[in-house]
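A quick write-up on the structure given underneath.
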Amino acid sequence: MLKLSNRKFSDVQAGTTVRVPIPDVDRARGSPRNVLAVVNSVEDGLYKLGTPHGALKHKFTRSEFNPCIEKFILLENLSDSAKNKEISLREVAAENSVLGGQGYKRCHCKGGCKNNKCACRANKKICNSKCHGSLSCHNKND
């Protein structure tokens with residue numbers, strides 16, 4: 001399995017511009033589907049990526065992004081504050097979005113959303129279908 005993966009996805013060197021897909025729950029409807037980043041470093045097959053807004057917290061495997069032929073972002077052009085600041089993929093998606101972010105939150109509660117431990121209830125929002133599917137919930141419009 002590892003040999004097949006290594007044949008399918010070649011190694012990427014530091015300084016290469018890559019395209020990282022944004023999951024649909026992390027972006028708004030009109031937001032871009034991908035974020036451009038640059039490979040900061042490679043450690044044990046895990047890639048540390050950076051953007052002009054900051055370095056991504058999550059380390060990526062080679063199968064989670066696609067390299068670009070052109071160099072849209074240069075590693076040397078990233079500011080020191082952007083290299084030292086860690087930021088999530090959702091925050092980068094919100095920075096690149098014209099609309100300002102995803103627009104909805106998810107709570108993943110298993111206890112019925114009865115108290116303010118529920119992220120939706122604490123933000124005075126109603127739970128939606130992306131929160132916890134068909135589990136019982138006291139924070140929905142019925």
Side-chain angles (χ1 to χ4, degrees), residues 1-12 14-75 77-142:
M1 192 74 172
L2 184 61
K3 289 179 184 179
L4 178 66
S5 178
N6 287 338
R7 271 188 281 158
K8 189 174 182 181
F9 301 106
S10 60
D11 288 335
V12 177
T16 304
T17 302
V18 296
R19 181 175 47 92
V20 183
I22 303 169
D24 64 341
V25 296
D26 292 336
R27 62 182 174 85
R29 287 188 179 184
S31 297
R33 295 176 184 238
N34 303 299
V35 168
L36 289 177
V38 64
V39 177
N40 286 345
S41 63
V42 183
E43 300 170 5
D44 299 327
L46 297 175
Y47 294 83
K48 189 73 175 169
L49 304 179
T51 67
H53 304 290
L56 295 174
K57 292 179 185 178
H58 177 73
K59 290 185 179 178
F60 293 84
T61 61
R62 176 58 190 87
S63 62
E64 293 179 299
F65 60 84
N66 297 319
C68 296
I69 297 170
E70 298 290 328
K71 290 193 174 190
F72 296 109
I73 303 173
L74 297 176
L75 188 58
N77 291 350
L78 294 181
S79 65
D80 290 333
S81 62
K83 289 180 183 177
N84 296 332
K85 178 183 171 187
E86 287 199 342
I87 190 168
S88 69
L89 187 58
R90 180 177 289 182
E91 292 169 329
V92 172
E95 290 287 334
N96 288 339
S97 175
V98 176
L99 303 174
Q102 66 170 351
Y104 59 84
K105 303 248 184 257
R106 291 172 49 160
C107 65
H108 302 292
C109 292
K110 302 210 183 331
C113 304
K114 294 180 182 179
N115 53 24
N116 280 343
K117 286 183 180 178
C118 171
C120 296
R121 186 178 284 260
N123 289 321
K124 296 181 174 60
K125 303 283 183 188
I126 296 174
C127 291
N128 60 40
S129 61
K130 297 210 184 274
C131 288
H132 37 69
S134 62
L135 293 176
S136 64
C137 179
H138 295 285
N139 190 27
K140 284 186 178 179
N141 282 342
D142 292 325

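Treat the numbers as computed from the prediction; the structure is a model and nothing was measured.
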Practice task
Taking all non-hydrogen atoms of both residues into account, name the closest pair between C107 and C120 and its distance.
Solution key: CB-SG, 3.8 Å

Fill in the blank from the handout: Rounded to the nearest 0.5 Å, the CG atom of N115 sits from the CG atom of N139 at a distance of 10.5 Å

Problem - SG on C137 to NZ on K110, rounded to 0.5 Å - result: 12.5 Å

Practice task
Please answer whether the main-chain N or O of F65 pairs with a side-chain N or O of R62 as donor and acceptor at a distance below 3.5 Å.
Solution key: yes

Handout entry: Between CD1 on residue I87 and NE2 on residue H53, distance to nearest 0.5 Å
Key = 7.0 Å

Fill in the blank from the handout: To the nearest 0.5 Å, atom NE2 of H138 lies from atom SG of C127 at 11.0 Å

Exercise for the section: Might you point out which heavy atoms bring V20 and A37 nearest each other, and give the distance in Å? Expected result: CG2-CB, 4.5 Å

Problem - Side-chain heavy-atom pair P23, L89 within 4.5 angstrom cut-off - result: yes

Fill in the blank from the handout: Scanning both residues in full, the closest heavy-atom pair of V42 with V12 reads CG2-O, 3.8 Å

Practice task
Heavy atoms only: give me the nearest A55-N40 pair and the separation to one decimal.
Solution key: CB-ND2, 4.2 Å

Practice task
Please report the closest heavy-atom contact between P32 and I22, naming both atoms and the distance.
Solution key: O-CD1, 3.6 Å

Problem - R121 (side chain) donor-acceptor with C113 (main chain) under 3.5 angstrom - result: yes

Fill in the blank from the handout: Between T16 and P67 the two heavy atoms that sit nearest each other are CG2-CB, 4.3 Å

Practice task
Please lay out, stage by stage, how L46 and T61 fare under the test side-chain contact (heavy atoms from CB on, under 4.5 Å).
Solution key: CA-CA 5 Å; L46 297 175; T61 61; 3.8 Å; yes

Problem - Worked verdict on V18 versus Y47 for side-chain contact (heavy atoms from CB on, under 4.5 Å) - result: CA-CA 11 Å; V18 296; Y47 294 83; over 6 Å; no

Practice task
Using atom types as modelled and distance alone, determine if a side-chain donor or acceptor of R33 lies under 3.5 Å from a backbone N or O of P21.
Solution key: no

Problem - Separation of S31 OG from N34 CG (nearest 0.5 Å) - result: 12.0 Å

Problem - Flag, side chain of T17 to backbone of I73, donor-acceptor distance under 3.5 Å - result: yes

Problem - K59 with E64: basic N within carboxylate O range, under 4.0 Å - result: no

Handout entry: Atom CD1 of I69 with >12 non-hydrogen neighbours under 6.0 angstrom
Key = no

Handout entry: Between CG on residue L56 and CD on residue E91, distance to nearest 0.5 Å
Key = 10.0 Å

